[in-house]
Structures are given as structure tokens and as C-alpha cells.
Amino acid sequence: MFGVSVLNFFCGKKIFYAATKKGKQKWFATALMFSLLPLFYFKYANFFIDSFSNLASFFDVHANKYTLNVILPVGISFFTFQALSYSIDIYRNRVGVETSLVRFTTYVAFFPQLVAGPIERSTNLLQQFYEEHEFDIKRFVEGAKLFIWGLFKKIVIADRLSVYSDSVFNNPEAHSSPTLIVATVFFTFQIYCDFSGYSDMAIGSARMLGFRLMQNFNLPYLSISIGEFWKRWHISLSTWFSDYVYIPLGGNRVSISRWVFNILVVFLLSGLWHGANWTFVIWGALHAFYYFIEFIGKKTLVLIGAEDVMKKGYYKFFKIIIVFILVCFAWIFFRANSVSDAFLIITKIVSFSGQLWTGGSSVTTLLSVLLILFLIGVQILQFNNKVSIYFSKTQLPSYVEWLSYAFLLITIALFGMSSNAFIYFQF
Amino acid sequence: MIKKEIKNKLLKDYLKKGFLFLLLLIVLDNGVNYFLLNGLYRYYGLYNDNEIALVGHSHLMLGIDKVQMEKKLDVKVSKYTREGVNIVERDLMIDQLLKSNQQLKLVVYAVDAWMFTGEGLSENSYKQFYPFMGEKTINNYVFENAAFGDFWQHQIIKSSRYNEGLVSGSFRGYLKSWDNLKVGVLDTVALNSDIKKGDFRKIVSTKENRKIFENTLKKITQKNINIILLYVPTSSIYNNAEIGKFNSEITYFKGIESKFSNIKFLDYNELYSTNASLFYDRIHLNPEGQKLVTGSFIEYLKK
């Protein structure tokens with residue numbers, strides 16, 4: 001992390017002060033290449049060696065497979081992207097040059113969001129290190145509330161759901177269709193609560209210190225389209241890819257075939273960013289496929305003059321359900337231990353036979369269902385602006401609000417499973 | 001100046017609110033603790049005037065139906081069983097029972113061939129005693145076993161003393177539900193394969209553990225309470241894995257019976273251990289197994 005920080009700090013300077021465009025390009029390429037090199041080495045080298053070796057054996061060429069025995073540094077994808085955003089922004093003349101190495105390394109290593117995001121930009125976070133941060137009780141309380149909500153989502157909801165989903169996904173051949181459906185739905189909420197829980201804790205703790213981090217999740221499972229889902233899910237990553245990959249590739253101001261290519265690249269990279277496994281690549285590709293189908297569907301509806309239907313409430317509700325099901329389905333690839341496991345799970349699910357497994361502990365399973373219902377209830381209230389987790393005034397009386405947070409704290413104490421690691425730590 | 005005054009006012013306002021919030025939290029925490037603890041007392045039959053107490057770990061928990069015993073024998077039964085408790089903790093449980101249940105006439109102490117094996121059952125079963133930290137002996141025991149921070153966290157935040165199993169136990173206490181919910185049948189193929197691979201808990205009796213056990217028995221008999229050492233059957237496949245050591249443990253229990261006048265040893269292995277359909281896993285009975293063993297036990301008590 002220190003190496004990547006120092007590299008981008010010095011390359012940033014060189015880019016800024018380079019007299020010619022060629023010079024800027026040269027230093028920018030250096031920053032890009034040497035920042036991505038450790039990421040590639042630690043995270044993707046074995047994946048490419050394995051894939052190449054499998055491909056070779058498919059053509060009857062048997063090469064000796066040498067894999068690296070390395071430990072993936074925690075949060076490498078996050079800090080690499082965060083450091084890189086500075087060099088890219090400097091190259092695009094969006095920020096001024098940073099003169100202090102201490103300030104820059106603090107920006108890259110900013111602890112609240114270091115290991116699981118949100119991935120910050122130099123244009124937002126780095127600038128805040130120039131501000132004076134006085135203690136502000138109002139801001140502190142707002143941050144603490146968000147932190148508690150995040151902690152609740154992570155250690156009460158996500159960790160509880162993982163008890164069921166882990167045992168099913170780690171042994172799919174032993175389970176039936178209804179069990180696999182329940183495990184998929186559980187995982188859908190687990191990953192959301194795990195990741196958005198961490199993000200909220202990061203944003204909350206930064207807020208307590210007087211820093212503003214970007215919102216990373218905005219009710220993604222209430223999206224009415226896949227496009228909207230990606231505007232609401234892991235916002236810092238999707239906007240990163242949009243700003244630094246999709247737009248430089250030409251965005252949508254290109255030919256249709258080139259646009260298809262751009263979308264595909266962004267989704268595949270997004271999949272690969274999550275993990276060096278074909279399951280993640282398929283997960284990304286599946287979302288790209290959904291995106292194209294949705295695009296074609298929308299155009300068709302406009303062509304047949306059904307725009308009025310698209311504005312109806314029931315149509316939006318129907319779309320929320322469809323998008324949710326599609327996202328759930330894609331999570332199977334994300335969570336499955338291998339591609340063959342994912343296909344096994346799908347095959348078993350569509351058989352629609354067998355009995356529902358109630359889980360190792362029926363209390364935990366029942367509690368998991370209740371927690372999901374509670375989360376949905378809170379999210380619907382958030383969606384309708386009845387409550388806000390993100391710092392604006394809620395419509396609830398203050399005593400109800402205080403009681404809610406006391407309830408969350410007690411539940412955390414009662415059901416907290418602090419031993420489970422964050423899923424997103426691996427990215 | 002005005003800005004500073006506003007800031008101070010805001011700070012005071014928030015401090016006031018914070019204090020009230022803390023108060024609310026303490027009240028809520030104690031309320032939750034009171035409710036759950038009361039449920040647990042009901043579930044385990046502590047602080048009751050019951051005449052019979054069943055003491056042991058999950059082996060006994062799933063092996064004997066206390067409700068059937070109460071119905072057929074017309075006596076009140078405490079079923080104080082905790083998952084994974086070691087010999088020291090059973091002694092602790094007996095202390096709790098002797099202190100809280102003054103009318104005890106009979107203690108049914110679950111025994112098995114692995115009970116003197118110090119390792120392999122659980123290393124952190126002391127955590128199950130967190131809810132009873134209000135009791136001095138339990139508090140001391142937890143203090144000795146838990147890490148410093150862990151101890152004080154559970155000492156201060158009472159809701160954190162419970163886990164799902166304990167919450168479930170508490171609710172079952174209020175709902176008066178002691179059913180064996182482990183539906184299923186032992187996979188004998190898997191068990192045979194595990195044994196072949198050496199993947200099973202070895203029988204290792206330590207003198208220290210036997211001494212603690214015998215002291216517990218003395219403590220009970222000194223109070224003129226009868227004891228039954230009850231061997232709820234374990235699968236014969238599992239028993240035979242180390243048959244020599246297994247038989248030696250049985251001989252030890254028989255020896256105990258002859259040493260104390262008011263102790264009986266009841267071994268249900270011969271009757272049921274070969275019938276795999278009665279077991280949920282290698283050591284736990286399923287509801288069908290529980291029904292049969294409870295029936296035999298009730299018949300014995302009637303005699």
C-alpha cells in the first residue's frame with residue numbers, strides 16, 4: 001500500500017509538471033502499470049496461470065503448472081483504485097498536485113474505508129485533508145447512528161443469514177430446490193447487508209471524525225431496472241468504472257457495436273475486480289446481458305407506443321420484482337464455489353422438487369426470515385422518505401428514533417457474531 | 001462569541017440527550033436480561049421445588065423426555081442440561097441445583113464413556129454460563145476462564161450474555177417446550193467411514209476428572225439425595241471404536257455403584273445401542289429413541 005501510494009504521489013507530480021502531452025502520457029502509463037502490477041501479481045496471477053493451463057490441456061498440451069503461493073493483501077483492490085484515481089484525475093487536470101506525501105498516504109490509507117470502501121476520489125477525500133476538523137457533536141451523533149445501523153446490518157443480519165447460505169452453498173449437491181432458492185435469497189440479503197453494513201460503518205466513523213465519504217448503497221433492491229441497480233449498488237465502484245473506463249472508451253457516444261463492447265468491458269472488469277474466478281466473470285457477463293435485454297425491451301416498448309404503461313405504479317412494482325429475481329439469479333454465480341457448482345445449483349433449482357431444509361438451527365433460520373422482513377420494512381420506509389439513515393431529518397418523533405437505536409444496540413449485543421469476517425475484505 | 005455559546009448549548013443539549021439515551025439503554029438491557037433469565041430458569045427448572053433433576057449435556061438433553069416423566073410419575077422434574085459441558089461445569093451445575101432447588105430427592109446424572117476426556121468436547125463451554133453471572137460462584141468461574149475484556153463486556157452489557165441457543169432455551173421455557181427436535185436417522189455408513197479414518201473422539205480418562213466427579217457425587221449424597229448414573233445409549237458402532245476402553249469405563253461406573261449405597265448405575269446400551277434407527281447421530285437419540293429410553297427409565301423409577 002505504501003509503495004502504491006508513493007508511486008502515485010511521485011507520478012502525479014511528474015504528470016502535473018510534465019511540459020509535453022507525451023511526457024504526461026509517459027508518467028501516467030508508469031503510474032497505471034506499476035499500480036496494477038501488485039494487484040495482478042497478488043490477485044490474478046494464479047487465475048491466469050490456471051486458466052491458461054486448463055486451456056492448454058483442452059488442446060492436449062500438458063504444461064507443468066506453477067502457481068504462486070502468496071497471501072492476498074487485505075483491501076488491495078480498494079487502495080489501488082483509490083491511489084490510481086489521483087493519477088488519473090491529475091492527468092485529466094481535475095485536481096491540483098499534492099505536495100505532501102504524508103497527506104497523500106493518509107488519503108490512500110484512510111482507515112475507515114481502507115479495506116472495503118467506498119472507493120474515494122482525490123477530488124473529494126484528498127481535498128478534505130486541507131480542511132480543519134473541529135469536533136461537532138451533531139455530526140458525531142449522525143455518524144454514530146449510521147455506524148450502529150451498519151453494525152446491525154453486518155453482525156446481526158448478514159452473519160445470521162450466512163449460517164444458512166454458507167452451509168447450503170458449500171454443499172449444494174446435498175440440497176433440494178426449495179432449500180437452494182431460500183439460500184440464494186438469503187445470500188442476496190447477506191451480501192447486501194455485509195457490504196452496505198461495512199460501508200455505513202466506514203461512512204459513519206469518518207463522519208464522526210469530520211470527514212464526508214460518498215454514499216455507496218442507495219436501496220439497490222428497490223431498483224426498477226438493471227441500469228438503476230448499478231446506480232444504487234456499490235456506487236463508488238460503478239462510478240469509478242464509469243468515469244475511468246467507460247467514458248474514456250467513448251461511453252455511449254459511439255457506434256452501437258462499440259457501445260456494446262464498452263458495456264461488456266465494464267461489466268466483465270467489474271466481475272473480475274470482485275475476484276479472480278470465472279464465477280465472477282460470468283456474474284459480470286450476466287449483468288451485461290441483462291443490461292442489453294433491458295435496453296432492447298425499453299426500445300421495443302417505445303416503438304409499440306407503450307410508454308404510458310411504463311409510468312404505471314403496478315408496472316414499476318412488477319419491474320422491481322423482476323430485477324430482484326434477476327439479481328438473485330446472478331448472485332448464484334457470485335457465491336458458488338465454482339462454475340460447475342453454480343450450474344448444479346441452477347439445475348437443481350429448476351427441478352422444483354424436494355423438501356425445504358429448515359437449517360442447522362431452526363431458531364436461526366426463523367430469525368433470519370424475520371430480520372429480512374424487518375430490513376425490507378425499514379427500506380420501504382426509507383424509499384418513501386419516512387426515515388433517513390443518511391443524515392437528513394427523519395419524520396419520526398425523536399423518542400421513537402432514540403428507542404430504535406437503543407433497540408438496535410441491544411440486538412447487536414444479543415445476537416452479535418463478531419467472528420465472521422467481512423465478505424468484501426477479500427476484494 | 002455567539003457562535004461559541006450556540007455550540008456550548010448544543011453540546012449541553014446533546015449531553016443531556018446522551019445521558020437519557022444511556023439510561024434508556026441500561027433499562028432496556030436489564031429488562032431483556034430479566035426476561036431471558038427468567039425463561040432460562042423455567043427451561044432448566046432452576047429455582048423450583050422439583051424432586052428430580054436431570055443433569056448432563058446434549059446427550060441427556062435429547063435422550064430423556066422430562067414431560068413424559070412428569071406425566072407418568074406425577075413428580076416435578078428439572079432438566080438442567082447444557083451443550084458441551086465438561087466435568088467441572090457439571091459440578092457447577094450441581095452447585096446451582098443444590099442451592100436453588102431445596103426439595104431435590106433424586107439427581108439423574110448422565111454418564112458416558114467420554115465424560116472424563118478433558119479435551120475434545122468444548123473449550124469455551126463456560127460461555128454458556130454467562131447468563132448466570134449474577135450468581136457468585138458462576139461469576140468467579142467465568143472470571144477464571146474468560147479473557148479480561150470478554151468478562152467485563154458480559155458483566156456490563158447483560159444482553160450480550162445470551163446467544164441464539166440461550167434465547168431459544170429461554171423462549172422454550174416460557175412456552176413449556178422440551179421436545180427433541182433432532183429429526184433424522186444416524187448415517188451408519190458415514191460413521192463407519194469416520195471410524196475407519198480415525199475421525200472420532202478418543203476415550204481418555206484423567207484421574208483429575210474422575211476425582212472431580214467423585215467429589216460431586218459425595219457432595220450430593222451428603223445432602224441425602226439419591227443419584228442415578230444414567231447411560232443414555234450411544235451408537236454401538238461408536239462404542240466399539242475403542243471397545244476395550246469403553247468397557248473399562250463401564251466397569252468404573254459399576255465400581256462407583258458398589259462404592260456408594262445411594263447410587264445406582266443404569267446402562268441402556270445393551271438394550272438400544274445397536275438399533276441405528278433410534279439415533280440422530282453417533283451420540284444423540286432422535287425423538288423415537290428418546291421415547292423408548294424414557295419409557296424404560298420411567299418403568300425403572302416406578303419399580
Side-chain angles (χ1 to χ4, degrees), chain A residues 132 134-145 148 151-152 155-157 159-164 171 174 208 210 355-371 397-420, chain B residues 3-4 6-33 35-36 83 124 127 130-131 149-150 153-172 175 177 179 181-184 187 190 280-281:
Chain A
E132 219 171 280
E134 270 183 49
F135 177 74
D136 181 335
I137 185 77
K138 190 170 178 272
R139 200 172 50 204
F140 184 85
V141 171
E142 282 178 347
K145 282 182 187 171
I148 292 168
L151 191 65
F152 174 81
I155 72 171
V156 177
I157 308 184
D159 287 356
R160 201 129 278 92
L161 292 171
S162 75
V163 174
Y164 190 95
N171 191 15
M208 285 190 261
Q355 287 196 325
L356 176 69
W357 179 59
T358 51
S361 157
S362 39
V363 178
T364 306
T365 310
L366 180 68
L367 196 62
S368 302
V369 174
L370 293 175
L371 286 167
S398 64
Y399 69 89
V400 175
E401 205 190 339
W402 286 107
L403 202 63
S404 309
Y405 282 99
F407 165 77
L408 291 183
L409 278 175
I410 294 294
T411 323
I412 289 165
L414 204 56
F415 296 115
M417 280 185 179
S418 52
S419 59
N420 283 28
Chain B
K3 205 178 164 189
K4 206 177 174 186
I6 293 170
K7 242 182 171 178
N8 284 341
K9 196 178 172 294
L10 198 68
L11 190 67
K12 270 185 194 167
D13 190 36
Y14 268 100
L15 282 176
K16 216 189 286 173
K17 279 181 180 173
F19 177 73
L20 286 173
F21 180 66
L22 200 66
L23 210 65
L24 175 69
L25 213 57
I26 292 168
V27 170
L28 209 60
D29 185 41
N30 279 284
V32 167
N33 177 53
F35 176 80
L36 292 176
E83 284 166 322
N124 55 1
K127 290 188 174 185
Y130 282 149
D150 205 24
Q153 181 212 317
H154 292 93
Q155 184 70 267
I156 297 164
I157 310 166
K158 291 175 178 161
S159 305
S160 70
R161 296 175 183 179
Y162 300 85
N163 57 29
E164 272 153 72
L166 290 163
V167 171
S168 161
S170 176
F171 276 93
R172 287 179 78 168
L175 298 169
S177 160
D179 296 340
L181 302 172
K182 299 283 184 193
V183 183
D187 183 347
Y280 167 75
D281 60 23

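Using a 4.5 Å cut-off between heavy atoms, Y405(A) touches chain B through backbone and side chain atoms alike. Residue contact with chain B, scored on non-hydrogen atoms closer than 4.5 Å, involves the side chain of L367(A) exclusively. For L11(B), the parts lying under 4.5 angstrom from a heavy atom of chain A are both the backbone and the side chain. For L409(A), the part lying near chain B is the side chain, with the backbone staying farther off; criterion is any non-hydrogen pair under 4.5 Å.
With chain A as the partner, the residue from V167(B), N163(B), I157(B) showing the most heavy-atom pairs under 4.5 Å is V167(B). Ranked by heavy-atom pairs under 4.5 Å with chain A, the list Q153(B), R161(B), K17(B) is led by K17(B).
The neighbour count for K12(B) NZ, taken as heavy atoms of other residues, nucleotides or ligands under 6.0 Å away, does not exceed 12. Shown here is Y14(B), whose OH atom has more than 12 heavy atoms of other residues, nucleotides or ligands within 6.0 Å.
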Identify each donor-acceptor pair in which a side-chain atom of residues 19-32 of chain B lies under 3.5 Å from a protein atom, sequence neighbours left out, and give them as a table.
from	atom 1	to	atom 2	distance (Å)
D29(B)	OD1	K158(B)	N	3.4
D29(B)	OD1	S159(B)	N	2.7
D29(B)	OD1	S159(B)	OG	2.4
D29(B)	OD2	K158(B)	N	2.9
N30(B)	OD1	K158(B)	NZ	2.8
N30(B)	ND2	I26(B)	O	2.8

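Partners of Y164(A) by side-chain hydrogen bond (donor to acceptor under 3.5 Å, both in side chains), not counting sequence neighbours: none found.
Between F140(A) and F135(A), the two ring planes are tilted [angle within 30° to 60°].
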